[in-house]
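Remarks on the structure that follows.
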Protein chains: 2
Amino acid sequence: MTLLESPRAFMPLHPQGNALASQSAQRSLPTLFAAGAEIYAQGETCNCLYRVEFGAVRIYRLLADGRRQISAFHLAGETFGFEAGDTHHFFAEAIVATGIRVLRTAPGAADLLPMALKSLVRAQEHLLVLGRQNALERVSAFLADMAERQGGLRQVELPMSRNDIADYLGLTIETVSRIFTRLKQEGVIRLPSLRRVEIVKLQVLHDLLA
Amino acid sequence: MTLLESPRAFMPLHPQGNALASQSAQRSLPTLFAAGAEIYAQGETCNCLYRVEFGAVRIYRLLADGRRQISAFHLAGETFGFEAGDTHHFFAEAIVATGIRVLRTAPGAADLLPMALKSLVRAQEHLLVLGRQNALERVSAFLADMAERQGGLRQVELPMSRNDIADYLGLTIETVSRIFTRLKQEGVIRLPSLRRVEIVKLQVLHDLLA
DNA sequence: CGGGAGATTGAGCCCCGTCAAAAACAGTGG
DNA sequence: CCACTGTTTTTGACGGGGCTCAATCTCCCG
């Protein structure tokens, strides 16, 4: 039911485009992707990792009927693109204008494993949210997580749309919207703008995480 | 709502017991755990990996109110215990009488990363099931997965209880039971015994995975 | 100011959870 | 082999949380 927002992903702004593998220098300028641009697709061969310099990325899979599950968001400073085998099992798209640095993967690098394990723990914790928490708890967990990843400030930027949030939390956009409204009415959050949340009662959010 | 099946996990049968870290030889006999015995607990320090020689293991987390999410089952031949940091974030328990071989982890070992990545892909694919599939699709995905991991035979052993299956699929035992009954009535599966499933129409299961 | 995508709100319904009872199963001991 | 007991599974009735469908509103950006 949930469709991609862009019928066709935009082309990357940077001339190198999708031919990321052709980049050679590790310290080159980051490649710039426009909002909605595809970074890699399911089925593509993969031999690189990607580091977000600025912006945000969504990792997702699709079912045949268009249902989408976003398995992770990646913000500035985070590394993604881990795969078992030599092809990508997921799609990666820039959510907003995003700078990506390609890391040519030395397969034996010692620091790869810790990053992969961090992704694993993240995914496993998200399983708990999707499997056993209701809509209110899911949105609370999401907001608390976003706040923590942005340094624990009260003001949180949400680069992604309600649609993205819904597909990440296994809900519909309507339900996400209703929960936002409810949290606002109860004074837990404020919504200065659509993509900005101010967390007023952080403790309430954490209490909801049981 | 979902409680642990054993009010208190049994003690391991093998004298080494939980002091797994004291084992030295890589090629030692596997440690035997009785059904329900704890292999490690959330919060324990970890420096080993574990390989299932025979039997089956569940990996799970608990919410404060007792809700449980099983993030993975591990069958004979599979390796588990990957963690970011030095403490376990999950519980691991033997489901039935299970032999476990402890692998002392050489942190730089080249073959660790592929196994960790396999766990990561498994977790991410399970996110799709929990986030975007209904009860019928979840049970079908589970049965197809179990069949594939047991060599693709028609006869599938289910070492885990309905309770475990429910907590893995984010459902209740009642719903799991109803779906089993429904698949049976539609001739997709047969249930020779409680813990044994014969898959009659494998294609139907796969069609349900969209 | 108008147009369009995204977000919010409302009404109704359905899948699945909850609660309860019956049935099947697994031990245990006689 | 069977009676007895506790656990697991199945089945039923019912209610509610979240989905569906549809209308309205808000925010951008020309």
Side-chain angles (χ1 to χ4, degrees), chain A residues 1-8 10 35-36 63 65-69 95-97 129-140 158-185 189-197 208, chain B residues 1-8 10 34-36 63 65-69 95-97 129-140 158-167 169-185 189-197 208:
Chain A
M1 65 224 40
T2 320
L3 297 172
L4 282 165
E5 276 135 350
S6 337
R8 188 60 195 121
F10 306 153
L63 289 175
D65 58 4
R67 281 177 289 180
R68 182 178 69 157
Q69 177 63 41
I95 296 175
V96 293
V129 174
L130 294 189
R132 286 299 178 213
Q133 304 206 182
N134 61 29
L136 179 60
E137 292 169 323
R138 293 184 200 200
V139 173
S140 300
L158 300 183
M160 66 290 289
S161 67
R162 299 287 187 271
N163 207 322
D164 286 333
I165 297 174
D167 284 352
Y168 176 66
L169 296 178
L171 301 170
T172 61
I173 55 175
E174 294 93 334
T175 298
V176 170
S177 180
R178 277 184 253 265
I179 300 289
F180 269 69
T181 305
R182 187 166 146 199
L183 288 174
K184 190 172 60 177
Q185 285 170 346
I189 61 173
R190 292 200 325 114
L191 291 173
S193 80
L194 270 178
R195 302 278 174 113
R196 179 171 287 277
V197 179
L208 285 169
Chain B
M1 68 219 46
T2 318
L3 297 172
L4 282 165
E5 275 135 352
S6 336
R8 187 60 193 118
F10 307 152
L63 289 175
D65 57 5
R67 281 177 289 179
R68 182 178 68 158
Q69 177 63 41
I95 296 176
V96 293
V129 174
L130 294 189
R132 284 300 176 214
Q133 304 205 192
N134 63 28
L136 179 59
E137 293 170 322
R138 292 184 201 200
V139 173
S140 300
L158 300 183
M160 66 291 289
S161 67
R162 299 286 187 271
N163 207 323
D164 286 333
I165 297 173
D167 284 352
L169 296 178
L171 301 170
T172 61
I173 55 174
E174 294 93 333
T175 298
V176 171
S177 180
R178 276 184 255 265
I179 300 289
F180 269 70
T181 307
R182 188 167 145 198
L183 288 173
K184 190 172 61 177
Q185 285 170 347
I189 61 172
R190 292 200 325 114
L191 291 172
S193 81
L194 271 177
R195 302 278 174 112
R196 179 171 287 277
V197 179
L208 286 169

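Model, not experiment: these values are computed from the prediction. Proteins get letters first, then strands, A, B, ... in listed order; numbering begins at 1 in each.
- With distances taken from any side-chain atom of B:S177 to the nucleotides D:dT9, C:dT9, C:dT8, the minimum falls on D:dT9.
- C:dA7 atom C1' lies 11 Å from atom CZ of A:F180, rounded to whole Å.
- Relative to the side chain of A:R162, the nucleotides C:dA7, D:dC19, C:dG17 differ in distance, and C:dA7 lies closest.
- When distances run from any side-chain atom of A:A135 to the nucleotides D:dG18, C:dC16, C:dT8, the shortest one goes to D:dG18.
- When distances are taken from the side chain of B:N134 to each of D:dT10, C:dC16, C:dT18, the shortest belongs to C:dC16.
- Residue B:L194 places its side chain closer to C:dC25 than to any other of C:dT8, C:dC25, C:dA7.
- Here A:T172 does not reach the OP1 or OP2 of D:dT20: none of its side-chain N or O atoms lies under 4.0 Å away.
- Comparing D:dG12, D:dT9, C:dT8 against the side chain of A:L191 picks out C:dT8 as the nearest.
- The distance from atom CG of A:L130 to atom C1' of D:dG17 is 17 Å, rounded to the nearest whole Å.
- Note that CD1 of A:I165 is 10.5 Å distant from CG of A:L171, once rounded to the nearest 0.5 Å.
- Between C:dC25, C:dT8, D:dC19, one nucleotide has an atom nearer to the side chain of A:R178 than all others, and that is D:dC19.
- Taken to the nearest 0.5 Å, the CG atom of B:L130 stands 9.0 Å off from the CZ atom of A:R132.
- A:Y168 does not carry A:R138 over the face of its six-membered ring by the limits of under 6.0 Å from the centre and within 45° of the normal.
- Out of D:dC19, C:dC16, C:dA20, the shortest distance to the side chain of B:E174 is found at C:dA20.
- Projected onto DNA chain C by closest heavy-atom contact, B:Q133 and A:V176 fall at different nucleotides, the more 5' of which corresponds to A:V176.
- Atom pair B:L158:CG and D:dT9:P shows a separation of 10 Å (rounding to whole Å applied).
- The residues B:R68 and B:D164 are annotated as salt-bridged, a charged nitrogen and a carboxylate oxygen being separated by less than 4.0 angstrom.
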